[in-house]
*Asks:* 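Please find one structure pasted underneath; my questions will follow.
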Amino acid sequence: MDAILIDEKDDSLVFDLKKIFATFNSHKLLLVGVFVLIALVMICATLFLPKKYTAKIELLMNNTSSTNLSEFNPFLVTAGTESRLPLSDFVAKPAYLAIIRSPLVMDKVIKDNDIRYKKGKKQGELVSAEDFLRNNIKITLSPDTTGLVEISYTSGNPETVYNVLASIIKNYQMLNHELNMKRAGTDKAFLEEMYNETYANVNNLIKVAGRSAALPETQGAGNIMALAAIKGYSSAASTVVAGASRQYETNKRAEVGLAAEVEKLKTIKARLEWIKSVEQMSEASSNMVVLQEPVLKKDFEYSFPLWKVNALITIFLTIFMYLFVILFKHFFGTKVEYSMLGDKIVYGLKNIDDLKIILLANAAKKVGVVVFDNNDKFLAELGNFKNVNILKPEMSPEFVKDLNASEDVVLVLKAGKTSRKSYLKMKNLLIELHKKDVVEMVC
């Protein structure tokens, strides 16, 4: 029955592609229906779901305004019983990130914006800093060494989003100022103590040095040498020489110590003047530069739900549901689908003339044509062909006998309308009768 397949290509890939295309083409209305249904659901979700607004700020953290501005301090304090370290050792990356996240900042932000639990056992109470950081707020540090911190916050109220971000900036700056003031005050007290102690030492050394002011250095040394020349002849002179020598050495040590203490006093005074200046500057100092201020979003500038995202979700769900329904109908449907047909298929049989041409080309063979779906007009048109045996799939002994007597078999059916159960019975019967060269014509 080669003439029946005269317009078909013996290429399994082509057959498969045709079958796939025919399967999708036969479910066009299903595709449109699924798309419309999902699109309506997503439109309703976009219009009626609660809106979410998101804004962000960018902060550049640096050390140019540490507690006592130690980067610019030529008199950095390192002495004393405690370590004197610049703020960069305390507020270096990622420590300033921990300070932003700390309750010292977040508790004030929560209180400023009256953020409370809306449900649960703690309903009505202020949210804890831990829970606040866990929900809706995101704080990230740039992976490079720039010290760039990005903070974003999401809420159903755009004013709340703006106020929360502005409050984070304000409260961090206040905490930074407080740390600056505290550190500057500590250094100032330490330096004042050192200054007073050194000043007292200078005064004592001045008194010691003053007692030898009447005895110049050259004259004192000459008198001692003169007394030393006669000390072997007079015990009184020996006593005087020994006392004069001790006094001379004491005076020399006092003069050297006085010069050192005076230099130390000058250095401490310079440091103290610097720290007093820092104490005045610390009120305006900050180790944070705001690169991006918070922006008050408009009502239509919501971050969720998004039309573009929902459109992509609609397309994805449409394809998924469409394929799911096709597969479901293939395995569990009650009607014949293109995906169930064999390899020899004639697609798009529009009218009986197409079949007549094929049967005339095979006039020498006895062809059994099994017509499903009780198409009486179709049967009447083929009644004049002597080599054609028109059969109805009734599964009677007479039907089986006529089918077995046919040299070739043609199944005429309608995809999506022919009974799946009847079709499968017919296929099983053809296998038992060893009728392998079966052509399926889909109309």
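Positions are given from 1, in the same order as the sequence printed here.
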*Asks:* Which atom names give the shortest non-hydrogen contact between Pro294 and Leu165, and what distance separates them?
*Replies:*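 So the minimum-distance heavy-atom pair works out to CB-CB, 3.8 Å.
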*Asks:* Distance from Leu424 atom CG to Arg420 atom CZ, nearest 0.5 Å?
*Replies:*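 Between atom CG of Leu424 and atom CZ of Arg420 there are 5.5 Å.
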*Asks:* Between CG of Leu291 and CE of Met288, what distance do you get to the nearest 0.5 Å?
*Replies:*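 One finds 10.0 Å between CG of Leu291 and CE of Met288.
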*Asks:* Evaluate whether atom CD of Gln123 has more than 12 neighbouring non-hydrogen atoms of other residues, nucleotides or ligands under 6.0 angstrom away.
*Replies:*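 Enclosed: over 12 neighbouring heavy atoms sit under 6.0 Å from CD of Gln123.
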*Asks:* Take Val369 and Leu391, measure what side chain to side chain contact (heavy atoms under 4.5 Å, CB included) needs, and give me the verdict at the end.
*Replies:* CA-CA 6 Å; Val369 179; Leu391 304 173; over 6 Å; no
*Asks:* Please find the pair of heavy atoms, one from Phe399 and one from Met426, that lie closest to each other, and give the distance.
*Replies:*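 Minimum heavy-atom separation between Phe399 and Met426: CZ-CE, 3.1 Å.
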*Asks:* Centroid-to-centroid, Tyr338 to Phe21, below 6.0 Å?
*Replies:*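 No, too far apart.
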*Asks:* Could you tell me whether the side chain of Ile38 reaches within less than 4.5 Å of the side chain of Met321, counting heavy atoms only?
*Replies:*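 A side-chain contact exists here, since the closest heavy-atom pair is under 4.5 Å.
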*Asks:* Any side-chain to backbone donor/acceptor pair from Ser406 onto Asp402? Under 3.5 Å, distance only.
*Replies:*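 Between the backbone of Asp402 and the side chain of Ser406 there is a qualifying donor-acceptor contact (under 3.5 Å).
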*Asks:* If I take atom CG from residue Leu97 and atom OG from residue Ser102, how far apart are they, to the nearest 0.5 angstrom?
*Replies:*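 Separation between the atoms: 10.5 Å.
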*Asks:* Mind checking whether Phe132 and Tyr117 have ring centres under 6.0 Å apart?
*Replies:*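 Ring centres of Tyr117 and Phe132 not closer than 6.0 Å.
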*Asks:* Are any side-chain N or O atoms of Asn135 and backbone N or O atoms of Asp131, one a donor and one an acceptor, separated by less than 3.5 Å?
*Replies:*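 Looks like yes, one N/O pair under 3.5 Å.
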*Asks:* In Å, rounded to the nearest 0.5 Å, how long is the span from CD1 of Ile326 to CG of Leu31?
*Replies:*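 Answer for the CD1-CG pair, Ile326 versus Leu31, is 8.0 Å.
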*Asks:* Would you say that more than 12 heavy atoms from the other residues, nucleotides or ligands in this model lie under 6.0 Å from the OH of Tyr53, or not?
*Replies:*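 Enclosed.
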*Asks:* Looking only at heavy atoms, what is the nearest atom pair of Ile390 and Val388, with distance?
*Replies:*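 Closest pair (atom of Ile390, atom of Val388, distance): CD1-CG1, 3.3 Å.
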*Asks:* Between Thr46 and Leu306, is any pair of side-chain heavy atoms under 4.5 Å apart?
*Replies:*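 Side-chain contact under 4.5 Å: no.
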*Asks:* Could you tell me whether Leu29 atom CG has more than 12 heavy atoms of other residues or ligands within 6.0 Å of it?
*Replies:*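 No, not enclosed.
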*Asks:* Can Glu440 and Tyr423 be counted as having a side-chain donor-acceptor contact under 3.5 angstrom?
*Replies:*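 Result is yes, a qualifying pair exists.
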*Asks:* Inspect the surroundings of CD in Glu159 and state if more than 12 heavy atoms from other residues, nucleotides or ligands are less than 6.0 Å away.
*Replies:*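 At most 12 heavy atoms, drawn from other residues, nucleotides or ligands, come within 6.0 Å of this atom.
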*Asks:* State, to 0.1 Å, how close Glu337 and His27 come at their nearest heavy-atom pair, and which atoms those are.
*Replies:*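 Taking Glu337 first and His27 second, the nearest heavy atoms are OE1-CE1, 2.8 Å.
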*Asks:* Could you please spell out the steps behind the side chain to side chain contact (heavy atoms under 4.5 Å, CB included) verdict for Leu59 and Ile151?
*Replies:* CA-CA 8 Å; Leu59 311 175; Ile151 304 176; 4.0 Å; yes
*Asks:* Just by distance, no angles: are the side chains of Ser167 and Asn163 close enough, under 3.5 Å, to form a donor-acceptor pair?
*Replies:*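 On atom types as modelled, these side chains do not qualify, holding no pair under 3.5 Å.
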*Asks:* Do Leu317 and Phe35 touch side chain to side chain, with heavy atoms closer than 4.5 Å?
*Replies:*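 A side-chain contact is absent here, since even the closest heavy-atom pair is not under 4.5 Å.
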*Asks:* Out of curiosity, Lys111 NZ to Asp107 CG, how far, rounded to the nearest 0.5 Å?
*Replies:*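 Reported value, rounded in 0.5 Å steps: 9.5 Å.
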*Asks:* State, to 0.1 Å, how close Pro393 and Val371 come at their nearest heavy-atom pair, and which atoms those are.
*Replies:*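 The pair with the smallest heavy-atom distance is CD-O, 3.3 Å.
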*Asks:* Taking C-beta and beyond as the side chain, do Asp299 and Lys51 meet within less than 4.5 Å on heavy atoms?
*Replies:*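 A side-chain contact under 4.5 Å is absent here.
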*Asks:* Can you find a heavy atom in the side chain of Asp112 that is under 4.5 Å from one in the side chain of Asn171?
*Replies:*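 Yes, their side chains come closer than 4.5 Å.
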*Asks:* May I ask you to say whether Lys56 pairs ionically with Glu150, meaning some side-chain N is under 4.0 Å from a carboxylate O?
*Replies:*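 Yes, Lys56 and Glu150 are salt-bridged.
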*Asks:* Which heavy atom in Thr54 sits nearest to a heavy atom in Ser152, and how many Å separate them?
*Replies:*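 Looking at all heavy atoms of both residues, the shortest contact is CG2-CB, 4.4 Å.
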*Asks:* Between OG of Ser155 and CD1 of Ile115, what distance do you get to the nearest 0.5 Å?
*Replies:*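 It comes to 7.5 Å.
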*Asks:* Near Glu301 CD, under 6.0 Å, is it more than 12 heavy atoms from other residues, nucleotides or ligands?
*Replies:*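 Yes - once you tally the heavy atoms of other residues, nucleotides and ligands closer than 6.0 Å, there are more than 12.
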*Asks:* With the side chain counted from C-beta on, respond yes when Lys414 and Phe372 share a heavy-atom pair under 4.5 Å apart, and no when they do not.
*Replies:*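 Not touching, per the 4.5 Å side-chain cut-off.
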*Asks:* Looking only at the side chains, is there a donor atom on one of Thr418 and Asp373 sitting less than 3.5 Å from an acceptor on the other?
*Replies:*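 Their side chains do contain a donor-acceptor pair, which is all the 3.5 Å distance test asks for.
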*Asks:* Answer yes or no: is there a side-chain heavy-atom contact under 4.5 Å between Asn387 and Lys365?
*Replies:*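 No, every pair of side-chain atoms sits at 4.5 Å or beyond.
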*Asks:* Do Lys52's NZ or CZ and the ring of Phe304 fall within the cation-pi criteria of under 6.0 Å and 45°?
*Replies:*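 Negative - Lys52 is either too far from the ring of Phe304 or too far off its axis.
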*Asks:* Do the ring planes of Phe332 and Phe328 sit parallel (below 30°), tilted (30 to 60°) or perpendicular (above 60°)?
*Replies:*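 Geometry flag for Phe328 against Phe332: tilted rings.
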*Asks:* With side chain to side chain contact (heavy atoms under 4.5 Å, CB included) as the criterion, how do Met106 and Arg101 come out once you've worked through the C-alpha distance, each side chain's angles and the decisive distance to 0.1 Å?
*Replies:* CA-CA 6 Å; Met106 289 302 162; Arg101 292 175 176 271; 5.5 Å; no
*Asks:* Could you walk me through whether Ile99 and Tyr172 pass the side chain to side chain contact (heavy atoms under 4.5 Å, CB included) check?
*Replies:* CA-CA 8 Å; Ile99 292 178; Tyr172 178 82; 3.7 Å; yes
*Asks:* Would you check if Ile345 and Lys18 make a side-chain contact, meaning some heavy-atom pair closer than 4.5 Å?
*Replies:*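 Not in contact.
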*Asks:* Take atom CD of Glu193 as the centre, draw a 6.0 Å sphere, and report whether it contains more than 12 heavy atoms from other residues, nucleotides or ligands.
*Replies:*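 Check fails, neighbour count at 12 or below.
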